[in-house]
Amino acid sequence: MLDRHLLTVVRAALDAPARALVARGVSADQVTLAGFGLGLLAVAALAFGAYALALILILANRIADGMDGIMARMTAPTDRGAFLDIALDFVFYALVPFGFALADPATNALPAAALIASFVGTGSSFLAFASIAAKRGLTAEAYPTKGIYYLGGLTEGTETIGLFLVMCVWPAAFPVLAWCFAALCAITTLTRWHQGWQAFQNN
């Protein structure tokens with residue numbers, strides 16, 4: 001819901017460091033992989049209850065995620081880069097709740113499972129729509145620079161990362177936050193199913 005409104009701000013903030021990395025011969029794919037590595041470290045920090053460190057690493061992961069696309073457009077965007085970016089993003093989103101579950105299995109395991117299951121709904125509906133949209137040659141006007149068709153919704157990347165950061169600040173609230181966001185993700189999934197049903201009703 002908020003992603004499209006933050007795109008311009010993010011690009012403006014990350015343009016200079018992205019140019020500096022490109023000038024030093026760093027590739028967008030390298031930044032994508034480095035960002036994913038930072039995300040894995042965030043999950044490890046969560047598992048050990050180091051929530052402040054996890055928050056910093058999650059932010060670093062998102063900075064890398066924003067920067068790799070900018071760098072790709074400065075050089076030569078590739079299908080491999082787009083694939084790598086979205087594939088690793090979805091794994092990262094699922095691993096963060098898993099990190100909270102590892103930190104406190106008795107309290108967090110069930111709500112973490114519900115949240116991860118809700119991410120399967122939002123992610124699968126997102127990718128299913130994108131695959132058919134690509135087949136039909138459709139593009140998302142609100143996200144013209146995305147490597148695949150970007151289908152919005154109530155819970156997008158901005159909302160998800162905001163949730164993770166709040167969870168790091170108030171880890172005791174994880175169960176309530178996870179259940180509430182899982183419900184919002186369910187709404188997003190249902191609206192995306194409806195959009196796909198309407199958009200692809202004609203062969």
Side-chain angles (χ1 to χ4, degrees), residues 1-6 9-10 31-68 84-130 150-196:
M1 186 169 63
L2 297 177
D3 284 6
R4 71 181 66 187
H5 302 295
L6 293 180
V9 175
V10 170
V31 172
T32 300
L33 292 170
F36 184 66
L38 292 169
L40 293 179
L41 291 175
V43 176
L46 289 171
F48 286 101
Y51 298 112
L53 176 59
L55 186 151
I56 293 169
L57 291 168
I58 289 170
L59 285 174
N61 168 275
R62 292 298 87 194
I63 290 171
D65 182 66
M67 196 173 298
D68 59 4
L84 189 67
D85 180 59
I86 196 68
L88 296 184
D89 272 354
F90 278 110
V91 173
F92 169 71
Y93 289 151
L95 285 176
V96 170
F98 180 64
F100 280 97
L102 291 174
D104 187 353
T107 302
N108 294 343
L110 184 58
L115 185 56
I116 293 169
S118 75
F119 287 167
V120 172
T122 56
S124 61
S125 58
F126 177 94
L127 294 174
F129 193 102
Y150 197 93
L151 182 63
L154 184 62
T155 55
E156 298 176 350
T158 301
E159 291 81 8
T160 305
I161 298 307
L163 171 76
F164 292 164
L165 298 180
V166 172
M167 287 173 167
C168 288
V169 175
W170 291 288
F174 175 84
V176 172
L177 293 169
W179 283 114
C180 290
F181 202 78
L184 295 176
C185 286
I187 295 172
T188 299
T189 300
L190 290 173
T191 59
R192 286 176 175 171
W193 286 352
H194 177 72
Q195 286 177 276

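Values reported hereafter were calculated over all heavy atoms of this structure, with side chains retained and with hydrogens, waters and symmetry mates removed.
The side-chain hydrogen bond (donor to acceptor under 3.5 Å, both in side chains) test applied to D89 returns R62, not counting sequence neighbours. Partners of F48 according to the ring pair (Phe, Tyr, Trp, His ring centres under 6.0 Å) rule, which considers only residues two or more places apart in sequence or in another chain, do not exist here.
No more than 12 heavy atoms of other residues, nucleotides or ligands shown are found within 6.0 angstrom of CH2 on W170. Shown here is F90, whose CZ atom has more than 12 heavy atoms of other residues, nucleotides or ligands within 6.0 Å.
Rounding to the nearest 0.5 Å places CZ of F129 at 6.0 Å from CD of Q195. Here D65 contributes atom CG and L88 contributes atom CG; the two are 9.5 Å apart, rounded to the nearest 0.5 Å. Note that CG of L184 is 10.5 Å distant from CG of L115, once rounded to the nearest 0.5 Å. Here L53 contributes atom CG and I58 contributes atom CD1; the two are 9.5 Å apart, rounded to the nearest 0.5 Å. Rounding to the nearest 0.5 Å places OG1 of T189 at 10.5 Å from CZ of F119. Here CG of L165 is found 5.0 Å from CG of L59. Values are rounded to the nearest 0.5 Å.
Taking every heavy atom of both residues into account, E159 and E156 meet most closely at OE1-N, 2.9 Å. Shown here for A103 and P105, the closest heavy-atom pair between the two residues is C-CD, 3.9 Å. Residues R192 and S125 approach most closely at CD-OG, 3.3 Å, considering heavy atoms. Here the closest non-hydrogen pair linking L57 and L38 is CB-O, 3.8 Å. Across I116 and P97, no two heavy atoms sit closer than the pair CG1-CB, 3.9 Å. Here the closest heavy-atom approach between residue A112 and residue A101 is recorded as CB-CB, 3.8 Å.
Side-chain contact check for T188 and T122: no donor-acceptor pair (N or O, by modelled atom type) lies under 3.5 Å.
Between V91 and F36, some side-chain heavy-atom pair lies under the 4.5 Å cut-off. Contact of the F126 side chain with the I86 side chain is registered, since non-hydrogen atoms from C-beta on lie closer than 4.5 Å. Residues T160 and F92 fail the side-chain proximity criterion, which asks for heavy atoms closer than 4.5 Å. Under the 4.5 Å side-chain criterion, counting only non-hydrogen atoms from C-beta, L177 is not in contact with P111.
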Exercise. Taking it one step at a time, do F164 and L46 satisfy side chain to side chain contact (heavy atoms under 4.5 Å, CB included)?
Worked result: CA-CA 11 Å; F164 292 164; L46 289 171; over 6 Å; no

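Between Y51 and F100, the gap from one ring centroid to the other is short of 6.0 Å.
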